[in-house]
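Working notes, beginning with the structure itself.
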Amino acid sequence: MGKDPDAVEWAALKHEQGSADDLPELLRACAGPDEEAAQDAASEIYDRMVHLGGWICSAAPAVLPFLLRLAADPALFPAVRRSLLETLGMLSGTPAAHVPPGTDATWWAAWERALPQTLALLDDPLPAIRRDTVRMLGACPTPGRALLPALLRRLRTEDDPATRLDLLTALGAALRRGPAEPQGPEARETLRALLADGDLQERLGAVLALTPGDRGLPLRHADLIARAVRDPGARRWDEDGAPGSVHGRAAGLFPAPGPATAFVRALLRDHPDPVHRAAALAQAGRLLARWRSPAPHLLPAIAAHLDDPAPQVRLLALDLLARLGPAAVTPRADRIAALLDDTDGAVAATALWALARGGDPRCVPALTAAPGAFGDTDRPHRLDIRTYGPALPALHEVLALLPGHADALMPLLEQRLARDGLPPTVHRYGRVLTGWGTASRTAAERLLALLAEEQAWATAAETLAELGPPVLGTDLAERARAMISARTNGPDAGAAAAAWACWRLGGDPEAAVDALAAHPGDHRALRMLGDLGPHAARCAALLRERAADRDEWTRVRAAGALWAATGDTDTAVPALLSALHGLDRGHYHPVMPAAVRQLARIGPAARPAAPLLRAALAGDRRLPGEDATWHGFRQDEELRAAASRALAAVGE
C-alpha cells in the first residue's frame, strides 16, 4: 500500500462518523486476503468518507493518496478497487465553487496534487477500472486543460467499446470546464470526426459530448440518435447491459416538448427486446410528467403495449394509463379489465388500479375481493424500469377515487377502521368518508368509540364534524357533540378544534369563535374560523393582520376566513393572488389549489385573478412540476379543474 498509514495523525482528523483513527485498520483490511472482509472494509470507508450533502471531511485529503494506491494495486480484488474508486468519485464530484460550509479547505489542493496518480489509472489493465476512472474524471471539476491530453491519448488506444463511450462523454465534460486550451480544438475535431464516421454508438457519444456547445445538434441528428438508442449496441452504455441509461441521456437532448415527443414515439415503436420496450415506456412517463401535449401523440403506442408478451412491459403500460387518468383509461377500459385475470399478479393488481383511477365499476368487486394489493400507508408511486414494477397507491387513496361506489366499498373501509384505530389510519379513512360525503352507521359508531381514546379522538372528531348531522343523523350527531364537548376545556389548539367540531355538530358558534381566535398562528384554526362565516366577523382585525403574514398558508386561510366573515375582498383577493405567484409560468406550491378554490368562492370580485388563471390553463407544463408520481398527474387535473371553475365564477 506504499507509505505507512500509521504515519498520519488520524486522531486529529474527522470523518462522517467521528474520529478518523479507525481508517488505518480499514485501509489495511482492503488489501487483505479475505475478499468478503476486504469488500466490507471498502464499504465502511465509503460510509465514513461520503456525505450525501456534499460536505468533505478533514480526513479526506489525508486518505486520498492511500485510496488511490489501493485502487491502482492489481493484487487487490477488483470489486474492492472499484468500491474505493466509487468513494473517490463521490468526493471529487463536488463542484469546487459550490462546496457546503465546513468542507475541508485543503481538499481541492490535495486532489490536484494527486491528479497524476488518478490519470495513471487510465492505463489500468482492467477495463472496469479504466471505465470508473474516466467517469470520475468526467464528473470532477478539474479544468479541461489538465485532463484533455490524457483523455485524448487514452481514446487513441482504448479498445474496450464501453470505455470508449465513457471517454467521449468525459471529453465533452472536460471541454465545458474551461479553460480547455491548448487541446480544446483537437478534442472538438476528434468528436466531430467520430460523429461523421464512427460506429453508431460512438456517433451518439459525440452528439452527447458536443451538444452543450451546439444546442441545435440533436435536432439535426434526431434520426441518428433514435437509431442508436434502438440499436442492440446501446447496451454498451450500461454496465449491466440495460438500456435505461442511454435512453435517459438521449431524451435529455430534447428539452422542448415537440422534439421530445417525436423522439419518444420513435422509441416506442415495436422492438424485439423487452428491456428496451420497458425503458421506452419509462421515458414516456418522464416526458408526460413534465408536459401535457405529448399525451394524445403517445397514448396509442402506450396502449399497444397492453398486449405485450412481457409482464414488465404490460405493467408499465397500465401504470402510465393510470397516471394519465380517466381520459386515458376509459376508452381502453375493456382491454384493461381483461388484464384483471393476468397470470402475472403485479399486472393484475395494476390493472385493478388503472380501472379504479378511471372510476370503472369493474374495479369494485375485484377491489373488495383483493384489497391486499394495496397497502395502508402512503408510498411513492414511481415508474422505475430497474425494479419489478411501480409501487401501487395505498388503499385509502384508491377508495377516495370511487365516491360513486361508496355503498359497495363501505364494508372494506369499516374493516380498516375496526382493525386499526391509530391516528394515521383514522385520518386516512376519515378523509375518504368526508370525500365520499357519506358514512355507514357502523363506520360512524366506530368513530364515536374512538372519541374516548386519547390518541385518535382528535382525528375522529374532525371526521365526524365534517360529516355533520346531514350524514350522521340527529342522534349520532348529538352523541358525538356530547363526547367532544368534554375536550373543549383547555388553551391548546386541540381544544379549539373540539369547539369547532361541537359547532359543526349543532353546538354554539360563539364558543367556537372564541376558542379558535386564541390561535391565530395556526392556519388550521384559521380554516375553521372561515367555516363559521359571519359568526367570525368580530375577528376581522385579526384576520386582516394574518392575511399579510409571511407564511403563505396563513395568508390563504386568513384571507378566506376574512371574506367568509365580512365579505372583504379588497384584502382577501390580493392576499390570495400573492399565493399564486408564478402559477402562470408553471410554478407550483401546495397552497395554490386552496387559493384557487377560495377565489372561485369569492366570484366576480376575484376578477383580477383571471389573467393569471387563463395563462396557467394555457400552459403546457403540468402544474405540479415534474412530479412523476400519480399524485402529480392528479394534482394537475384538480388544479386545472379548480382554475376553470374559478374563471367561470369570476365571469370570464
Side-chain angles (χ1 to χ4, degrees), residues 396 399-400 403-490 492-519 522 524-537 557 560-561 564-565 601:
H396 68 91
L399 295 178
H405 306 284
D407 289 343
L409 294 170
M410 191 68 71
L412 185 55
L413 187 145
E414 294 167 359
Q415 292 169 14
R416 286 303 188 271
L417 281 177
R419 189 179 72 180
D420 181 358
L422 294 175
T425 301
V426 179
H427 175 76
R428 293 176 187 124
Y429 291 101
R431 295 303 89 198
V432 174
L433 288 173
T434 55
W436 284 352
T438 186
S440 66
R441 179 88 183 188
T442 301
E445 290 282 4
R446 179 57 188 158
L447 291 168
L448 279 170
L450 290 169
L451 292 176
E453 299 185 11
E454 287 303 316
Q455 282 190 311
W457 79 265
T459 49
E462 184 171 352
T463 300
L464 289 164
E466 292 194 5
L467 291 170
V471 172
L472 299 175
T474 303
D475 174 54
L476 284 178
E478 289 179 353
R479 287 169 55 195
R481 186 175 74 248
M483 295 180 70
I484 296 169
S485 64
R487 304 279 187 176
T488 59
N489 297 320
D492 62 332
W500 164 83
C502 285
W503 164 71
R504 292 273 305 202
L505 293 164
D508 179 11
E510 298 305 319
V513 171
D514 290 339
L516 292 167
H519 301 278
D522 185 335
R524 185 164 165 264
L526 292 171
R527 174 181 63 81
M528 293 175 178
L529 268 177
D531 285 349
L532 283 147
H535 293 295
R557 295 306 190 195
R601 294 187 194 103

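All values derive from a computational prediction rather than experimental measurement.
- Checking Thr438, Leu447, Val471, Leu464 one by one against Leu433, the side-chain contact (heavy atoms from CB on, under 4.5 Å) holds for a single residue, Leu447.
- Taking NE2 from His519 and CG from Asp492, the interatomic distance works out to 6.5 Å, rounded to the nearest 0.5 Å.
- Taken from OG1 in Thr459 to CZ in Arg428, the straight-line distance is 11.0 Å, to the nearest 0.5 Å.
- The distance from atom CG of Leu451 to atom CZ of Arg481, rounded to the nearest 0.5 Å, is 13.0 Å.
- Side-chain atoms of Tyr429 and Thr463, non-hydrogen and from C-beta on, never get closer than 4.5 Å to each other.
- For the residue pair Val426 and Ala460, the shortest heavy atom distance occurs at CG1-N, 3.8 Å.
- In this structure, the side chain of Trp500 does not engage the main chain of Ala465 through any donor-acceptor pair within 3.5 Å.
- Trp436 and Pro403 make their closest contact through CD1-CA, 3.3 Å (heavy atoms, listed as atom of the first residue, atom of the second, distance).
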Only pairs under 3.5 Å count here: list side-chain donor-acceptor contacts from residues 412-423, not counting sequence neighbours, and write none if there are none.
residue, atom, partner, partner atom, Å
Glu414, OE2, Ser440, OG, 2.5
Arg416, NE, Asp376, OD1, 3.2
Arg416, NE, Asp376, OD2, 3.4
Arg419, NH2, Asp376, OD2, 2.3
Asp420, OD1, Leu422, N, 2.8
Asp420, OD2, Thr425, OG1, 2.7

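- Summarising the geometry, atom CG belonging to Asp475 is positioned 5.5 Å from atom CZ belonging to Arg441; distances are rounded to the nearest 0.5 Å.
- In this structure, Asp514 CG and His535 NE2 are separated by 12.5 Å, a value rounded to the nearest 0.5 Å.
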Evaluation steps, side chain to side chain contact (heavy atoms under 4.5 Å, CB included), between Thr442 and Met410: CA-CA 9 Å; Thr442 301; Met410 191 68 71; over 6 Å; no
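- The neighbour count for Asp407 CG, taken as heavy atoms of other residues, nucleotides or ligands under 6.0 Å away, does not exceed 12.
- Residue Ala501 comes nearest to Ala461 through the heavy atom pair CB-O, 4.1 Å, listed as atom of the first residue, atom of the second, then distance.
- The shortest side-chain heavy-atom distance between Trp503 and Val513 does not fall under the 4.5 Å cut-off.
- Under the 4.0 Å criterion applied to side-chain N and carboxylate O atoms, Arg431 and Glu466 are assigned as salt-bridge partners.
- Considering all non-hydrogen atoms of both residues, Gly490 and Ala495 come closest at O-CB, 3.4 Å.
- Contact between Ala511 and Ala499 at its shortest, heavy atoms only, is O-CB, 4.2 Å.
- The two residues Ala512 and Leu532 make their nearest non-hydrogen contact at CB-CD1, 4.1 Å.
- Leu467 contributes atom CG, which lies 5.5 Å from atom CG of Leu472 (distance to the nearest 0.5 angstrom).
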Intermediate values then yes/no, side chain to side chain contact (heavy atoms under 4.5 Å, CB included), Glu445 and Arg479: CA-CA 10 Å; Glu445 290 282 4; Arg479 287 169 55 195; 3.1 Å; yes
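- The salt bridge (Lys or Arg N to Asp or Glu O under 4.0 Å) test with Arg487 singles out one residue from Glu453, Glu454, Glu462, and that residue is Glu454.
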